[in-house]
Amino acid sequence: MAQDMYRSHNCGELRMDHVGQEVTLSGWTQVSRDFGGLTFLDLRDRYGITQLVFNMEDDADLCSQARKFGREDVIRITGKVRERSNKNPHRPTGEIEIEVTSLDLLNKSKVPPFTIEDDTDGGDDLRMKYRYLDIRRNAIKQNLIFRSKLAIETRKYLDQQGFIEVETPVLIKSTPEGARDFIVPSRMNPGQAYALPQSPQTFKQILMIAGMDKYFQIVKCFRDEDLRADRQPEFTQIDCEMSFVTRDEILETFEGLTRSLFKTLCNVDLPQFPRMSYDEALSRYGSDKPDTRFDMQFVELNEQTLGYGFGVFDNAELVVGICAKGQADQYSNKDIKNLTSWLQRPQIGAKGLVYVKYGNDGSIKSSVGKFYSDEQLNEWGKAFDAAPGDMLLILSGEQDKTRKQLSELRLEMGQRMGLIDPNVFNPLWVVDFPLLEWDEESERFHAMHHPFTAPKKEDEARMLTGDHETMKSLRADAYDLVINGVEIGGGSIRIHDRDLQSRNFDLLGFSKEEAEEQFGFLLGAFEYGAPPHGGIAFGFDRLCAVMNGVNSIRDFIAFPKNNQGRDMMIDSPSVISEEQLEELHLKSTYTPDTSA
Ligand code: ASP
């Protein structure tokens with residue numbers, strides 16, 4: 001064996017077959033334990049942990065050297081593989097240990113700021129600051145390995161389906177996906193800036209016009225939005241586009257991709273993906289990304305409740321409830337009060353909660369018993385298929401808000417009642433989204449998906465000629481893939497006709513000049529034989545998280561940012577120097593030359 005060799009094997013590799021062999025291993029010291037004349041040391045690398053043993057009697061020097069190691073020192077050892085007397089069935093290398101004969105300290109480590117084990121004592125910011133130590137932990141390391149495999153399997157699958165991966169530029173001009181752009185000032189073009197892509201949307205459409213037919217890219221996107229556990233300012237998409245396709249062909253293609261990824265990576269056979277219209281999702285679950293792992297569907301009660309003197313219901317645009325099975329006896333008045341306060345928090349903002357409890361003894365108790373007879377309350381129960389022991393929870397008010405609030409309550413009740421199985425994956429296509437959304441505040445239409453999304457074929461004529469009210473009822477050929485209540489992907493059939501695209505910009509409040517200035521390149525390209533096309537993008541980080549049954553995407557990103565959008569490790573963003581400001585023409589004394 002060469003003298004300078006760092007390792008003959010890795011720390012996850014040795015088994016009973018290797019007993020008797022001399023091996024060299026390198027790695028990080030994890031824990032050492034002294035038992036009288038014996039010292040045990042766990043040596044760790046990416047592949048696993050191997051137990052080293054030092055015997056005071058055999059080599060006192062070596063043994064006392066080993067006892068001095070702290071956590072995370074980098075060492076190289078040579079020794080003989082032997083069978084362990086006390087085997088560890090939880091570790092792949094648990095049947096053997098190495099009787100060490102020589103030892104080198106390759107690099108000393110300071111005491112790490114948190115323990116590098118599966119259960120760490122490190123808080124979020126500390127773990128982010130020392131991300132290189134955090135990544136040494138199994139949990140994060142496994143996530144990154146999973147992510148790598150997911151990317152590779154995605155590429156394999158799409159390659160087999162004839163997709164071509166094309167890189168699109170990062171320094172571009174605004175692509176509206178509904179968020180703010182990150183801006184990169186241009187040194188060579190005073191007063192001008194690039195925008196980082198919110199997605200490669202316009203480029204992938206241009207690639208269709210360029211005849212690429214089937215494009216994909218695993219690509220970074222940038223959106224300057226407020227952050228949440230499932231959001232990062234830079235994130236990754238599996239971005240795809242196809243030409244000469246119908247919506248259903250797109251859904252089938254990407255259902256295929258999703259199913260194959262779940263099979264290969266999680267050994268899960270996903271069921272056929274059901275499809276549900278946006279309207280149906282909202283009326284049944286109050287959400288366009290319903291968690292369909294459990295039922296508890298909405299039932300509307302406007303008809304049954306109107307006209308009995310209960311003003312709250314009488315004046316409400318919507319009276320709607322859910323049935324919590326078997327919960328009547330579980331909820332005391334105090335529990336209901338607490339649940340009501342939970343609903344009244346500003347994050348949810350419900351005004352109040354009405355309950356009806358159908359007791360196992362046939363009794364009926366309700367917060368609105370004064371206004372409605374038992375007979376009427378029984379009628380409501382029938383609408384929910386309620387049985388003795390069940391409890392109705394009813395909200396009322398303005399339609400959209402009330403649905404959203406009840407959707408939160410449904411999820412909360414689902415959690416509390418243990419109805420959400422973390423080992424089940426329930427995919428769903430939500431289709432037929434509205435094309436445009438009217439925003440009261442800005443008095444403008446916004447594109448519900450993005451401005452390049454086509455209306456459904458049957459709505460095209462109405463879009464070109466209809467009045468303001470008509471626009472609110474247009475449906476888009478857009479779809480989202482939802483798994484377990486998480487939006488995993490979304491896409492649409494695109495507009496490929498210049499006039500229709502111009503009309504859409506018009507409806508979205510762009511003047512002719514603005515549309516030309518921002519998207520002239522795309523409108524121009526539409527005049528050179530744009531094929532019918534459509535596509536989708538998957539949130540890659542989210543897909544990783546959902547496939548592993550967790551909410552936060554952070555631990556699937558090697559170097560994520562915190563809630564303030566900071567990279568704690570490199571301490572970014574940071575102040576830039578006067579010289580840089582000057583070079584970039586950003587000094588406050590600078591006034592852009594507008595005469596050009
Ligand atoms: N560009 C869209 C997005 O980022 C996806 C698509 O329409 O393909 O959400």
Side-chain angles (χ1 to χ4, degrees), residues 46 118 120 124 127-128 131-132 134-159 163 165 177 197-200 216-223 225 227-240 253-270 273 289 291 293 420-429 480-491 535-563 565 567 569:
R46 191 186 108 191
D118 291 0
T120 180
D124 267 2
R127 287 176 38 215
M128 295 301 152
R131 189 62 163 173
Y132 43 89
D134 204 23
I135 294 174
R136 283 188 202 160
R137 291 173 52 233
N138 237 341
I140 310 294
K141 180 185 72 193
Q142 290 305 343
N143 287 351
L144 296 184
I145 293 171
F146 181 91
R147 184 186 175 104
S148 163
K149 287 201 179 124
L150 188 63
I152 288 166
E153 288 304 327
T154 302
R155 289 199 164 93
K156 266 200 220 157
Y157 185 89
L158 291 175
D159 176 50
F163 283 78
E165 185 163 22
E177 295 278 1
Q198 293 186 34
S199 83
F216 86 102
Q217 184 179 192
I218 299 185
V219 61
K220 272 287 171 76
C221 302
F222 306 85
R223 296 184 191 176
E225 301 176 284
L227 304 179
R228 297 190 308 231
D230 64 345
R231 255 196 210 156
Q232 284 274 306
E234 53 176 303
F235 60 97
T236 305
Q237 286 189 341
I238 309 171
D239 191 45
C240 311
T253 303
F254 293 100
E255 191 166 321
L257 168 68
T258 312
R259 190 169 294 121
S260 154
L261 294 176
F262 269 85
K263 182 71 193 164
T264 318
L265 282 121
C266 309
N267 197 23
V268 166
D269 288 300
L270 288 180
F273 296 13
K289 42 176 190 294
D291 189 336
R293 280 175 296 179
I420 304 179
D421 185 342
N423 300 312
V424 164
F425 295 99
N426 259 21
L428 173 74
W429 287 113
D480 274 357
L481 175 60
V482 176
I483 300 180
N484 295 354
V486 180
E487 183 194 327
I488 290 295
I536 190 167
F538 286 69
F540 185 66
D541 316 278
R542 270 195 207 165
L543 184 60
C544 285
V546 165
M547 289 176 91
N548 286 279
V550 299
N551 268 336
S552 171
I553 61 173
R554 247 178 236 178
D555 284 343
F556 290 88
I557 297 175
F559 301 104
K561 301 201 169 31
N562 75 4
N563 278 343
D567 183 318
M569 187 180 75

So, using side-chain hydrogen bond (donor to acceptor under 3.5 Å, both in side chains) as the criterion, who are the partners of [X] when residues are at least two apart?
X      : value
Gln198 : Asp181
Lys263 : Asn267, Asp269
Arg223 : none
Asp291 : Arg293

I want to check something: taking the side chain as every heavy atom from C-beta on, are [X] and [Y] in contact at a cut-off of under 4.5 Å?
X      : Y      : value
Ser199 : Gln237 : yes
Asn548 : Phe146 : yes
Thr258 : Leu270 : yes
Val219 : Thr236 : no
Leu261 : Leu543 : yes
Tyr132 : Met569 : yes
Lys289 : Val486 : no

Examine distances only and state if a side-chain atom of Asp567 and a backbone atom of Lys561 form a donor-acceptor pair shorter than 3.5 Å.
no
Spell out, as yes or no, whether a donor-acceptor pair under 3.5 Å connects the side chain of Ser148 to the backbone of Leu144.
no
Taken in chain and number order and not counting sequence neighbours, the residues that satisfy salt bridge (charged side-chain N to carboxylate O under 4.0 Å, His left out) with Asp159 are none
Residue list, side chain to side chain contact (heavy atoms under 4.5 Å, CB included) with [X], at least two apart or on another chain:
X      : answer
Glu255 : Arg259, Gln272, Phe273, Trp429
Phe222 : Val170, Phe182, Leu196, Pro197, Lys220, Glu234
Val550 : Ala545, Phe556
Gln142 : Asn138, Ile145

What are the two closest non-hydrogen atoms of [X] and [Y], and how far apart are they?
X      : Y      : value
Ile557 : Arg131 : O-NH2, 2.8 Å
Ile553 : Gln232 : CD1-CG, 3.8 Å
Cys544 : Leu150 : SG-CD2, 3.7 Å
Asp239 : Ala537 : OD1-CB, 3.5 Å
Ala151 : Ile218 : O-CD1, 3.8 Å

Contacts of Phe425 meeting ring-ring contact (aromatic ring centres under 6.0 Å, His included) (sequence neighbours excluded), chain-then-number -> Phe262
Applying ring-ring contact (aromatic ring centres under 6.0 Å, His included) to Phe235 and not counting sequence neighbours gives none
Dump the intermediate steps for side-chain contact (heavy atoms from CB on, under 4.5 Å) on Glu165 and Arg155, then the final yes or no.
-> CA-CA 8 Å; Glu165 185 163 22; Arg155 289 199 164 93; 2.7 Å; yes
Margin query: Walk me through whether Leu158 and Ile238 qualify under side-chain contact (heavy atoms from CB on, under 4.5 Å).
Written below: CA-CA 10 Å; Leu158 291 175; Ile238 309 171; 4.2 Å; yes
The complete set of salt bridge (Lys or Arg N to Asp or Glu O under 4.0 Å) pairs with one or both residues in residues 136-149, sequence neighbours excluded, reads Glu72-Arg136, Asp134-Arg137, Arg147-Asp541
When rounded to the nearest 0.5 Å, the distance separating CZ of Arg542 from CZ of Arg231 is 7.5 Å
Between the OH atom in Tyr157 and the CZ atom in Phe254, the distance rounded to the nearest 0.5 Å is 9.0 Å
Hey, mind stepping through Phe538 and Leu257 against side-chain contact (heavy atoms from CB on, under 4.5 Å) and telling me if it holds? CA-CA 11 Å; Phe538 286 69; Leu257 168 68; 4.3 Å; yes
Dump the intermediate steps for side-chain contact (heavy atoms from CB on, under 4.5 Å) on Arg127 and Asp555, then the final yes or no. CA-CA 11 Å; Arg127 287 176 38 215; Asp555 284 343; 3.1 Å; yes
